[in-house]
Every structure is written in C-alpha cells, then in structure tokens.
Asks: 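Questions regarding the structure given below will be posed in turn.
For the numbers below, each heavy atom of this structure counts, side chains included, while hydrogens, waters and symmetry mates do not. Below, chain A is the first sequence line, B the second, and so on; all start at residue 1.
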Number of protein chains: 2
Amino acid sequence: MEQAERGERILEAAAELLLAWGYRRVTIDEIARRAKVGKGTVYLHWRTKEALLLAVLLRGKLQGQRRELERMRADPLEILPSRMMCGHYRDFTEDPVLRAVYTDDSDILGRLNDVAKKELAGLITEGERALNRHLEVLREHGLVRDDMDVIHQRYALMAVATGFFMAEALLSDRAPDTPETRADILAHTVRSALETPAGSDPAAGRSSEAAAAAAAPEIIALYEHLEELSAQEMRRQLRN
Amino acid sequence: MEQAERGERILEAAAELLLAWGYRRVTIDEIARRAKVGKGTVYLHWRTKEALLLAVLLRGKLQGQRRELERMRADPLEILPSRMMCGHYRDFTEDPVLRAVYTDDSDILGRLNDVAKKELAGLITEGERALNRHLEVLREHGLVRDDMDVIHQRYALMAVATGFFMAEALLSDRAPDTPETRADILAHTVRSALETPAGSDPAAGRSSEAAAAAAAPEIIALYEHLEELSAQEMRRQLRN
DNA sequence: TGCATGACCGGATTCGAAATCTGGTCACGC
DNA sequence: GCGTGACCAGATTTCGAATCCGGTCATGCA
C-alpha cells in the first residue's frame with residue numbers, strides 16, 4: 001500500500017467530515033474509521049488535528065490554483081483580472097471547501113480560520129506580492145490601466161471579489177439568476193474597474209490577445225512559484 | 001417632561017449598551033437605569049426588547065438616509081452611484097451602529113439581524129425597488145450606462161458595497177491607507193462599473209452636472225418616500 | 001384619575017460538578 | 001519496523017439547581 005495514497009484517503013475523509021460536521025464536531029477517530037486506518041496512523045501523517053484540517057483547506061486552495069494555472073496555459077487571456085476572478089468565482093461556487101474558506105464560514109471552520117490566517121500568513125503575503133506583480137506586468141503590457149496606484153487596484157480587486165463571494169450568502173435570497181450570470185457580472189465589474197478599454201474593444205481584440213500572450217509566461221511563472229510555495233506549506237504540515 | 005424626549009433618551013441608552021455589550025447581554029433593567037426611568041416605563045414605549053433594539057438599528061439607518069438626502073439636496077451630483085456609495089461608506093466608517101448592521105456583526109447583533117431581515121423585509125424590498133428606479137432614472141438621463149440589465153447593475157452595486165464593507169473587517173490588517181482613500185477606491189470602482197464616461201470626462205463635466213440637476217428631483221423624491229417608510233416602520237415598533 | 005414604577009412571575013439562561021469524550025502518545029504485536 | 005488501539009489527561013458535555021431577565025400589573029404618587 002502506497003503511503004501517499006493512504007494520506008490522500010485520510011485527507012478525503014477529513015474533508016468530507018469537515019464539511020458535514022464542522023471543525024468542532026469532527027473527530028480523529030471518525031476520520032480514521034472512514035479512511036480505514038487506525039487512529040494512530042493519522043498521526044503518522046500529520047502532527048495534529050489542526051494540521052490535518054488545515055491541510056484540507058490548503059488542498060482546496062491548491063486545487064483552485066492548479067485549475068487557474070491550467071486555464072491560463074490554455075488561454076493567455078485568462079491572465080486578465082476579469083477572466084481570472086470569473087474563474088475563481090466558478091471554482092468557488094462549485095467547491096464547498098473554497099466556499100467555506102472564502103466566506104469565512106465559522107460554522108464549518110470553527111477556529112480554523114484564525115489559525116489559518118496566522119499559520120499561513122507568509123503564504124498570504126506571498127500571494128499578495130504575486131497579485132501586485134501580476135497587475136504590474138499587465139500594466140506594462142497595457143492590459144491594466146495605470147490611472148491608480150497598484151496597491152489600490154489590488155485592494156479594489158480583493159474587495160470586489162470579497163463582495164461577490166459574501167453576497168452569495170448574504171444576499172442569497174434576492175440574488176439573481178444563475179452562478180454563471182453572477183460570474184459575468186463580477187467579470188464585468190472587475191474589467192471596468194481595472195482593465196484598459198482595449199480588452200473589451202472588439203477592434204483592439206487582436207492586439208490585446210497578443211499583449212496577453214506576451215505577458216502570460218511571466219505571470220504563469222508567478223503563480224507556478226506560488227503553487228510550489230503552497231505545496232511546500234502543505235508538506236510542512238506533514239510529519240517530516 | 002416630554003414623552004418623545006424620554007423615548008429618545010431610552011433609545012440613546014439602548015444604542016450605547018447594544019454596542020458595548022451586544023444584544024444578548026443588554027438588559028432592559030440597565031437600559032432603564034441609564035435612561036433614568038423605571039423598567040416598566042420602557043414598556044410604555046416599546047412592546048418588547050426586540051422592538052426596542054430593532055428601533056436602534058432603524059434609527060441608525062434613518063440617520064444615514066437623512067444625511068444622504070441632505071447631501072443630494074446640497075449637490076445633485078451626489079445622486080451618482082459612485083458619490084452615493086462614497087457617502088454611505090463614510091457614514092458606515094463613522095457610525096458604529098451602521099458598521100454592525102452592514103457587516104452583519106453577530107457578536108453585537110446576536111439574533112437581531114435575522115429578526116431584522118424578517119421584520120423589515122418589506123422595507124428592504126422597497127429599498128431595492130427604489131434603487132432600481134434610481135438606476136433607471138440615471139440611465140434615462142445618460143448618467144448610467146445601459147450596456148447591462150438594471151437588475152444586474154443593482155446586484156453589482158450591492159455586491160461591491162458589501163465587499164468594501166466586509167473588507168474593512170476581513171482584510172483589516174492589510175487594508176491600505178485611510179478610510180477616505182478606501183472610499184475613493186470604492187467610488188472609482190462603482191463609477192467604472194456603472195456610470196457613463198461623461199461623469200469622469202472633464203469636458204463633459206458641465207453636461208453631466210446639468211443632467212444630474214435634472215434627474216435629482218425625482219431621485220430625491222424616491223428617497224424621501226423611503227425615509228417616510230422607515231419612519232413609519234419605526235413608529236410601528238412603538239406601543240402606539 | 002392617569003401615568004410611572006418596581007415587585008413579582010415563569011420561562012430562559014447560567015452554573016458547576018460529575019460524567020463523558022477526544023486529541024495525542026506509545027508499548028505492543030503483526 | 002510499521003500500524004494499531006488501549007490509555008491518559010485535559011477539554012467538553014451533561015443536567016439539575018440556582019440565578020437571571022423579559023414582560024406584567026397592582027400599587028401609589030402627583
């Protein structure tokens with residue numbers, strides 16, 4: 001039996017239970033039972049319950065990052081903030097783990113969110129640095145406007161995303177339409193707030209596509225680095 | 001002793017205690033003590049504790065609405081979504097009651113938020129109707145773009161606002177600058193997402209000012225109606 | 001006579017100690 | 001030597017007793 005595969009089974013069981021019961025009610029015993037291993041075996045993989053459940057969240061984010069990278073490789077236009085957020089939003093609506101993380105759902109996450117914020121502070125900082133650089137590169141290629149400080153653009157982007165994520169739950173009843181429509185509205189909002197008219201101007205379509213293709217490698221590298229850091233962090237949660 | 005003034009004193013004490021202790025810990029006894037009245041007297045004004053504390057929230061919103069109306073009367077450009085949200089954001093950062101309401105702070109509001117959503121459903125619906133009409137009027141006057149369904153524009157507006165409100169708390173540490181700067185970023189975001197270039201184009205400044213002046217009366221009437229409904233609702237909470 | 005009041009009621013909440021549960025360890029045995 | 005579950009201590013839950021508090025209303029003051 002492959003060790004890594006066993007760890008994966010434990011993670012799977014842990015994720016399932018976390019979503020069904022919430023952090024507080026999940027027990028290592030039950031996780032072990034569902035993963036068909038002894039309780040002690042769980043501790044051969046992760047130092048603590050906290051580390052294990054944190055790994056569940058990390059895995060969720062890592063999956064999201066990987067999907068995003070895949071999309072960028074398939075279509076350079078995906079590096080545009082509007083396209084990227086649209087992708088994130090779809091991932092978000094489809095993955096319960098990401099939903100819990102992004103809406104700060106304390107019913108499910110319990111103390112995990114606070115722990116995550118402290119434990120993963122470095123990773124978060126690195127993510128912000130990447131997003132900053134991402135925006136800078138896009139500006140250099142004329143895909144993002146420069147009528148505003150990059151830092152402020154990043155804040156706008158994060159706030160808008162936060163808004164659409166939270167709105168999902170907060171304005172749930174009165175929210176219109178399908179997730180796809182909401183994703184489009186989000187994309188439109190981000191595009192208007194950050195991107196150059198070139199992106200939406202059909203006549204300039206060709207040139208913006210070329211610019212995106214030119215900018216893509218550096219940006220993809222940026223997120224590949226981030227993915228590697230996430231993977232490292234996940235390994236760091238393991239016992240060795 | 002004026003009855004209305006006594007009610008005001010009770011409301012004041014209730015607001016103070018709600019913010020300091022949160023809904024659960026507030027007691028009618030303590031409110032009465034601070035307002036220098038007997039406990040029974042509180043019940044001469046409001047039917048229940050819930051109604052009283054709900055009135056505190058309503059008063060907060062009503063004050064916000066009144067300030068907004070005042071600004072619109074002073075400068076018609078304030079009817080632009082970007083300007084209006086900017087004003088709301090400033091009120092929000094300065095008024096702890098509004099902060100609690102808009103960030104859904106369950107530590108402070110306890111069950112009050114759920115109650116409010118049910119109790120004030122009609123008022124909320126009416127507010128959405130007003131916002132819809134507001135946007136329609138602005139479109140008619142060429143101040144808001146019509147490249148998008150009004151309903152979707154409203155959703156974008158609410159989601160963006162939600163995002164900036166929640167971001168205040170959620171991204172608090174890493175949030176940049178002063179509240180004023182954040183308000184400007186919010187205004188910029190809303191302007192880009194909804195308004196016509198005319199608004200930001202200096203050359204078109206005159207014409208958009210004129211358009212705003214023309215549109216203002218109907219929009220002000222819209223919010224005067226809403227203000228009246230809020231005031232009615234607040235009176236409805238009273239024991240006749 | 002009319003309005004303000006606080007003692008009073010019962011349901012809700014809190015308290016605390018006993019009982020139970022669970023994260024984490026480690027000696028055992030496969 | 002790797003996987004396991006019995007075991008331990010501390011955390012959490014339980015549950016009945018004690019307390020608190022929202023809401024009422026008989027009292028009494030002006």
Asks: Working to the nearest 0.5 Å, report the span between CZ of Phe165(A) and CG of Leu170(B).
Replies: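 It comes to 11.5 Å.
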
Asks: Using whole Å, what does the distance between atom P of nucleotide dC21(D) and atom CZ of Arg111(B) come to?
Replies: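 It is 15 Å, rounded to the nearest whole Å.
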
Asks: Does His134(B) reach the main-chain N or O of Ile79(B) with its side chain, forming a donor-acceptor pair under 3.5 Å?
Replies: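 Yes.
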
Asks: So is Lys49(B) actually on top of Tyr23(B)'s ring, under 6.0 Å and inside 45° of the axis?
Replies: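 Satisfied, under 6.0 Å and within 45°.
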
Asks: Suppose we screen for side chain to side chain contact (heavy atoms under 4.5 Å, CB included). Which residues come up paired with Glu8(A), at least two apart in sequence or across chains?
Replies: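 In terms of side chain to side chain contact (heavy atoms under 4.5 Å, CB included), with neighbours along the sequence ignored, Glu8(A) is linked to Leu11(A), Arg59(A).
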
Asks: Any sub-3.5 Å donor-acceptor pair from Arg9(B)'s side-chain atoms to Ala35(B)'s backbone N or O?
Replies: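 Checking the backbone N and O of Ala35(B) against the side chain of Arg9(B), a donor-acceptor pair under 3.5 Å is found.
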
Asks: Nearest whole angstrom, please: distance from the P of dC3(C) to the OH of Tyr43(B).
Replies: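 After rounding, the reported distance stands at 20 Å.
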
Asks: Are any protein N/O atoms closer than 3.5 Å to N/O atoms in nucleotides 7-10 of chain C? If there are, list each pair with its distance.
Replies:
none

Asks: Could you tell me whether the side chain of Arg99(B) and the main chain of Thr93(B) form a donor-acceptor pair under 3.5 Å?
Replies: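 Yes; judged by distance alone, with no hydrogens or angles, the pair exists.
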
Asks: Using a cut-off of strictly less than 4.0 Å between a heavy atom of the residue and any atom of DNA chain C, enumerate the qualifying residues of residues 25-38 of chain B by number.
Replies: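 Contacts with DNA chain C under 4.0 Å: Val37(B), Gly38(B).
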
Asks: Could you check whether any side-chain heavy atom of Phe92(B) comes within less than 4.5 Å of a side-chain heavy atom of Thr103(B), counting everything from C-beta outward?
Replies: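 Side-chain contact under 4.5 Å: yes.
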
Asks: Using the salt bridge (charged side-chain N to carboxylate O under 4.0 Å, His left out) criterion, which residues pair with Lys117(B)? Sequence neighbours excluded.
Replies: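 Applying salt bridge (charged side-chain N to carboxylate O under 4.0 Å, His left out) to Lys117(B) gives Asp104(B).
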
Asks: From CG of Leu44(A) over to P of dG1(D), roughly how many Å is that when rounded to an integer?
Replies: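 Those two atoms, CG and P, are 15 Å apart.
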
Asks: Just the atom pairs and distances: protein N or O near nucleotides 26-28 of chain D's N or O, under 3.5 Å.
Replies:
none

Asks: Taking NE2 from His45(A) and P from dC2(D), how many angstroms apart are they, rounded to a whole number?
Replies: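 It is 12 Å, rounded to the nearest whole Å.
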
Asks: Evaluate the side-chain proximity of Leu18(A) to Leu57(A): yes if any heavy-atom separation is below 4.5 Å, no if none is.
Replies: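 In contact.
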
Asks: Check whether any side-chain N or O of Thr41(B) sits under 4.0 Å from OP1 or OP2 of dA4(C), and answer yes or no.
Replies: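 No, Thr41(B) has no side-chain N/O under 4.0 Å of OP1/OP2 on dA4(C).
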
Asks: Using only side-chain N and O atoms of Arg47(B), determine if any of them is under 4.0 Å from OP1 or OP2 of dG22(D).
Replies: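 So the side-chain polar atoms of Arg47(B) never come under 4.0 Å of the phosphate oxygens OP1 or OP2 of dG22(D).
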
Asks: So do Leu17(B) and Arg25(B) actually touch side chain to side chain, heavy atoms under 4.5 Å?
Replies: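 No. Closest side-chain heavy atoms not under 4.5 Å.
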
Asks: Measure from the side chain of Lys49(B), starting at C-beta and using heavy atoms only, and say which of dT5(C), dT4(D), dG23(D) lies closest.
Replies: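 Side chain of Lys49(B) sits closest to dG23(D).
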
Asks: List in chain and number order the residues that pass side chain to side chain contact (heavy atoms under 4.5 Å, CB included) with Asp177(B), two or more places apart in sequence or in another chain; answer none if no residue qualifies.
Replies: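 If we apply the side chain to side chain contact (heavy atoms under 4.5 Å, CB included) test to Asp177(B), skipping adjacent residues, the hits are His152(A), Thr181(B).
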
Asks: With respect to the phosphate group of dT13(D), does any side-chain polar atom (N or O) of Arg24(A) fall under 4.0 Å of OP1 or OP2?
Replies: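 For dT13(D), OP1 or OP2 has a side-chain N or O of Arg24(A) closer than 4.0 Å.
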
Asks: Over how many whole Å does the gap from Trp21(B) atom CH2 to dT13(C) atom P extend?
Replies: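 Rounding to the nearest Å, CH2 of Trp21(B) and P of dT13(C) are 18 Å apart.
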
